[in-house]
Colleague: 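Got a structure here, written out as C-alpha cells. Questions coming.
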Amino acid sequence: MSLKQLIENCKVNDTKAQGELYKLFSGKLFAICLKYSRNYAEAEDNLQDAFLTIFNKIEQYKNKGSFEGWIKRITVNTVLQRYRKEKVFDIINEDSIEDVELEVDEDTISIDYLLKIIQELPDRYRLVFNLYVLDGYSHKNIADMLEINIGTSKSNLARARFILKQTIEDYKVTQRSQSL
C-alpha cells in the first residue's frame with residue numbers, strides 16, 4: 001500500500017492503516033522523542049501522545065509538502081507542549097548572557113557519551129540546545145515554540161554549552177588520570 005493510500009485510510013480511522021503508519025514511522029519519531037525527553041520511559045509516553053495527535057489531526061494533512069516533515073513537527077510540538085505546561089524556563093536578562101564555545105574532540109568523546117550528557121541537562125537547557133544546535137532552529141523560532149523570550153532562549157543555550165563544556169573537561173581529566 002502506498003503512503004498516500006495509507007494516509008487516506010488513516011483519515012477514516014482504519015486501525016490497520018494506523019498500525020502500519022505507526023510501524024513505518026515510530027522509529028524515527030521515537031528518536032525525536034528521546035532527544036527531547038528526560039529518559040526512555042518519558043520518550044515512550046511522548047511517542048504515544050504524538051501518534052494520538054497525528055491520528056486526530058491527520059485529516060488536516062492535505063498532501064502538500066512532506067508527510068514525514070509534518071509528523072515530525074507534530075512530534076516536536078507534542079513534546080514541547082508538555083514542557084510549556086510545566087513552566088521549566090526562567091526569565092533571564094539578555095544583558096547577562098555570556099556565550100560559551102563548545103568544542104568536542106571526536107577522538108576523546110564518543111557520540112554515545114555526548115548524547116548521554118545532553119540528555120542529562122536540565123529540561124530548559126536540553127530543549128533549547130537540541131532545537132538550536134541539533135535541529136537548526138533560530139532563537140526566534142525557539143522562543144515562539146516554547147513561549148519564552150529570545151533572551152531566555154539565548155541564555156539557556158549558553159548555560160547548556162557551559163554545563164556540557166564543564167562535563168566534558170571533567171571527563172577528560174578523569175580519562176587522563178586513569179591512563180597514567
Side-chain angles (χ1 to χ4, degrees), residues 3 24-40 42-47 49-51 53-54 57-58 60-92 94-169:
L3 178 59
L24 191 60
F25 290 105
S26 61
K28 289 179 182 180
L29 298 183
F30 183 70
I32 292 169
C33 290
L34 195 55
K35 181 168 57 171
Y36 289 103
S37 301
R38 294 177 187 110
N39 54 51
Y40 196 89
E42 186 176 89
E44 290 176 322
D45 290 345
N46 286 329
L47 179 66
D49 291 346
F51 267 103
T53 303
I54 289 165
K57 293 185 174 196
I58 200 160
Q60 295 174 13
Y61 179 70
K62 304 297 182 201
N63 296 317
K64 291 188 170 124
S66 160
F67 179 73
E68 187 172 330
W70 185 77
I71 63 174
K72 284 180 177 180
R73 236 180 350 270
I74 287 177
T75 302
V76 169
N77 285 330
T78 299
V79 176
L80 297 181
Q81 184 63 35
R82 173 175 286 194
Y83 293 108
R84 274 188 232 120
K85 289 177 185 172
E86 293 178 13
K87 301 286 185 206
V88 298
F89 296 96
D90 299 326
I91 305 301
I92 305 291
E94 203 167 336
D95 298 333
S96 67
I97 300 169
E98 191 175 316
D99 201 14
V100 174
E101 266 310 303
L102 179 62
E103 293 180 26
V104 178
D105 178 7
E106 295 169 11
D107 296 331
T108 312
I109 306 296
S110 74
I111 190 72
D112 290 337
Y113 179 72
L114 188 57
L115 291 173
K116 177 184 174 292
I117 63 175
I118 290 169
Q119 196 167 27
E120 291 172 350
L121 287 169
D123 296 336
R124 61 187 172 268
Y125 305 144
R126 184 184 69 253
L127 294 173
V128 172
F129 183 87
N130 285 337
L131 287 166
Y132 188 86
V133 174
L134 302 180
D135 292 333
Y137 286 97
S138 70
H139 284 294
K140 168 87 172 88
N141 292 138
I142 294 168
D144 292 343
M145 292 168 80
L146 298 176
E147 299 175 356
I148 59 176
N149 67 46
I150 293 171
T152 301
S153 177
K154 289 177 179 180
S155 69
N156 283 318
L157 175 63
R159 186 70 182 133
R161 285 180 171 159
F162 177 79
I163 292 170
L164 291 172
K165 183 178 180 179
Q166 286 300 126
T167 305
I168 290 168
E169 286 174 4

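Being a predicted model, the structure only gives us computed values, none of them experimental. Quick note: residue numbers are just sequence positions, from 1.
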Colleague: Return the CZ to CZ distance between Arg159 and Arg161, rounded to the nearest 0.5 Å.
Modeller: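 With rounding to 0.5 Å, CZ (Arg159) is 14.0 Å from CZ (Arg161).
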
Colleague: Show your working on side-chain contact (heavy atoms from CB on, under 4.5 Å) between Gln119 and Leu34 and close with a plain yes or no.
Modeller: CA-CA 8 Å; Gln119 196 167 27; Leu34 195 55; 3.6 Å; yes

Colleague: Name all residues meeting the salt bridge (charged side-chain N to carboxylate O under 4.0 Å, His left out) criterion together with Asp135; count only those two or more places apart in sequence or in a different chain, and write none if there are none.
Modeller: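 Lys35.
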
Colleague: I'd like to check the salt bridge (charged side-chain N to carboxylate O under 4.0 Å, His left out) partners of Lys116; sequence neighbours left out, ordered by chain and number.
Modeller: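 Applying salt bridge (charged side-chain N to carboxylate O under 4.0 Å, His left out) to Lys116 gives Glu120.
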
Colleague: With rounding to the nearest 0.5 Å, note down the distance linking CG in Asp49 to CD in Glu42.
Modeller: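 So the CG of Asp49 and the CD of Glu42 are separated by 10.0 Å.
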
Colleague: May I have the step-by-step check of side-chain contact (heavy atoms from CB on, under 4.5 Å) for Ile54 and Phe25, ending in yes or no?
Modeller: CA-CA 11 Å; Ile54 289 165; Phe25 290 105; over 6 Å; no

Colleague: Are side-chain heavy atoms of Leu24 and Leu3 found at a separation under 4.5 Å?
Modeller: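 Leu24 reaches Leu3 side chain to side chain.
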
Colleague: Measure the CD1-CG distance between Ile163 and Leu121 for me, rounded to the nearest 0.5 Å.
Modeller: 5.5 Å

Colleague: Less than 4.5 Å apart, any side-chain heavy atom of Met145 and any of Val76?
Modeller: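 In contact.
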
Colleague: Is there a side-chain contact between Arg82 and Asp45 in this structure, where contact means two heavy atoms from C-beta onward sitting under 4.5 Å apart?
Modeller: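 Result yes, sub-4.5 Å side-chain heavy-atom pair found.
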
Colleague: Checking Lys140 now: which residues fulfil salt bridge (charged side-chain N to carboxylate O under 4.0 Å, His left out) with it, not counting sequence neighbours?
Modeller: Asp144

Colleague: Is the closest side-chain heavy-atom distance between Arg126 and Asp123 below 4.5 Å?
Modeller: yes

Colleague: In chain order, what residues pass the side chain to side chain donor-acceptor pair (under 3.5 Å) check against Ser37, with sequence neighbours excluded?
Modeller: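 In terms of side chain to side chain donor-acceptor pair (under 3.5 Å), with neighbours along the sequence ignored, Ser37 is linked to Asn46.
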
Colleague: CG/Leu115 to CG/Asp112 distance, rounded to the nearest 0.5 angstrom?
Modeller: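 Result: 6.5 Å between the selected atoms.
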
Colleague: Test of understanding: with ring-ring contact (aromatic ring centres under 6.0 Å, His included), list the residues that count as partners of Tyr132, not counting sequence neighbours.
Modeller: His139

Colleague: Taking C-beta and beyond as the side chain, do Phe51 and Leu29 meet within less than 4.5 Å on heavy atoms?
Modeller: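 Result yes, sub-4.5 Å side-chain heavy-atom pair found.
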
Colleague: What are the two closest heavy atoms between Ala43 and Cys33, and how far apart are they?
Modeller: O-CB, 3.6 Å

Colleague: Any side-chain heavy atom of Phe67 within less than 4.5 Å of one from Ile58?
Modeller: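 Heavy-atom side-chain distance check passes, below 4.5 Å.
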
Colleague: Quick one: are the ring centres of Phe30 and Tyr40 less than 6.0 Å apart?
Modeller: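 Yes - the distance between ring centres of Phe30 and Tyr40 falls below the 6.0 Å cut-off.
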
Colleague: Of the non-hydrogen atoms in Ser153 and Ile142, which two are nearest, and what is the gap between them?
Modeller: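 Smallest interatomic distance, heavy atoms only, reads OG-CG2, 3.4 Å.
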
Colleague: Please report the closest heavy-atom contact between Gly151 and Asn149, naming both atoms and the distance.
Modeller: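 Answer, listing the atom of Gly151 first, then Asn149: N-OD1, 3.0 Å.
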
Colleague: Below 4.5 Å, heavy atoms only, C-beta onward: do Val133 and Leu157 meet side chain to side chain?
Modeller: yes

Colleague: Would you give the length of the straight line joining atom OG1 of Thr75 to atom OH of Tyr36, rounded to the nearest 0.5 angstrom?
Modeller: 11.0 Å

Colleague: Can you tell me how far apart CZ (Arg124) and OG1 (Thr152) are? Round to the nearest 0.5 Å.
Modeller: 10.5 Å

Colleague: Mind checking what makes salt bridge (charged side-chain N to carboxylate O under 4.0 Å, His left out) contact with Glu44, not counting sequence neighbours?
Modeller: none

Colleague: Measuring only between side-chain heavy atoms, which start at C-beta, is Leu80 closer than 4.5 Å to Leu131?
Modeller: yes

Colleague: Please report the shortest heavy-atom distance between Tyr61 and Lys64, naming the atom on each side.
Modeller: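 That closest heavy-atom pairing would be CE1-O, 3.8 Å.
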
Colleague: Return the minimal non-hydrogen interatomic distance between Lys72 and Ile32, and the atom names on each side.
Modeller: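 Here Lys72 and Ile32 meet closest at CG-CD1, 3.5 Å.
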
